[in-house]
J.: 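First the structure, then my questions, so here it is.
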Amino acid sequence: MVNINTLGVLFPNTYDDMLPEMVRLRAMGSVPFAGRYRMIDFPLSAMVNAGIQNVTVLVKQNYYSLMDHLGSGREWDLARKRGGLRIVPPYALAQNKVYHGRVEALCSILGFLESQREKYVILSDCNIASGLDFAALIQAHEASGADVTMVYERAEIPEPAKTDNYTLTLDDAGRVTELRTNDYRPGVRNLFMNVIVMGREELVSFLKDARAHNLMYLERDIIAPHLNILNVRGYEYAGYRARIYDMRSYFNENMRLLDHRNVEALFPEERAVYTKVRDEAPVRYAMDCKVHNSMVADGCVIEGEIENCVLFRGVRISKGAKVKNCVLMQGTVVEPNAEMEYIVTDKNVVITHDRRLSGNENFPVYVEKNTIV
């Protein structure tokens, strides 16, 4: 399917405050997930699978890792003469600055939005990995005649709520009648999934008005106050999703992927998830190693014991090492006779021989990038 009537805009930095340990040197969109992917791979691949060929990534800070990952967009078939992948940093133009909300970010590319020909715009953050079908979403938006369509799920509000969350109240026709910010009510709610579809010309009009009134937040400052005059619709997503809102949720969402049913739900055969290709050797398992219920990426060498683990590319588990309930990122080395449980290591960490590291299910311990323990 080719959907040339929609352009995509991604915000990889919006929820950086949720994972301060991990985003010190990277954006939320660049956080590694599921063995060989980054968080931005999921919404970006969803856009490409919907036929969107014009995608802009509005970066704010710590975006070197993200630029290295995305490159020219070749892996997503976005290395094009027209459209394709566009990465816009702050200060790209003289009048631009570091943005605080979506409105300020979008105002930095207002001229670009005005010059495009697509009818619709789809906006997405990068803290949720899901199997959302963007093509079906765009079709539903067009069929409903809505001014704005907001994607939501039926879920409880994450605790602790470290950043803004939005909940939707819908009438029987699916129209949004109330949009709450930082909803404190307990129980299952219509929780916004940070994906919006709207008309490009309408967005440009909203942005000009917002800039004139010094507004910063699209949902809170523009959509919520105008629900009585805008036709804002909700679109429910009931499929699998991984929502990252702190270190514990990051650990738990990786662990959930040890269930093959969750992997199949997050990576549907009909909608591939693309990522940067690295040509590495297959996993090498030593004759006397022990592996139980683990996700192991290419390039790993397993000589010791692993159980209930997610290992990213190039991890080495040395002979005599025992690793249980851990998430180990690319290039981690566990030396002989070391033992680990409930640990999250960033890239290129070395756990030296005979070390004992332990967290617990409710408090996984994070080891910073390039650390030698």
J.: Side chains of Thr167 and Asn190: do they bring a donor and an acceptor to under 3.5 Å?
T.: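 Their side chains do not contain a donor-acceptor pair, so the 3.5 Å distance test is not met.
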J.: Working to the nearest 0.5 angstrom, can you tell me the gap between Ile306 CD1 and Leu328 CG?
T.: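 It is 8.5 Å, given to the nearest 0.5 Å.
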J.: What are the two closest heavy atoms between Asp298 and Val283, and how far apart are they?
T.: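 Closest approach of Asp298 to Val283, heavy atoms only: CA-CG2, 4.2 Å.
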J.: If we ignore angles and hydrogens, is there a donor and acceptor under 3.5 Å between the side chains of Arg24 and Asn62?
T.: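 No donor-acceptor contact under 3.5 Å links the two side chains.
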J.: Between Arg220 and Pro225, which heavy-atom pair has the shortest distance, and what is it?
T.: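 Smallest interatomic distance, heavy atoms only, reads O-CD, 3.4 Å.
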J.: Work out which heavy atom in Thr275 is nearest to a heavy atom in Trp76; give both atom names and the distance.
T.: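 For Thr275 versus Trp76, the nearest heavy atoms are CA-CZ2, 3.8 Å.
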J.: Determine the minimum heavy-atom distance between Leu10 and Val55, stating which atoms define it.
T.: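 Where Leu10 meets Val55 most closely, the heavy atoms are CD1-CG1, 4.1 Å.
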J.: Considering all heavy atoms of both residues, which atom of Leu132 and which atom of Arg271 are nearest to each other, and what is their separation?
T.: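 Smallest interatomic distance, heavy atoms only, reads O-NE, 4.3 Å.
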J.: In terms of side-chain heavy atoms, does Asn127 have a donor or acceptor partner in Asn194 at a distance below 3.5 Å?
T.: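 Side-chain D/A pair, Asn127 to Asn194: present.
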J.: Could you state the interatomic distance from OH (Tyr250) to CE (Met255), rounded to the nearest 0.5 Å?
T.: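 The distance works out to 9.5 Å.
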J.: Checking the side chain of Lys276 only, and the main-chain atoms of Asp68 only, is there a donor and an acceptor separated by less than 3.5 Å?
T.: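 Yes, Lys276 side chain to Asp68 backbone: donor-acceptor pair under 3.5 Å.
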J.: Do the side-chain N and O atoms of Asn293 and Asn308 include a donor-acceptor pair separated by under 3.5 angstrom?
T.: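 Indeed, the side chains of Asn293 and Asn308 share at least one donor-acceptor pair under 3.5 Å.
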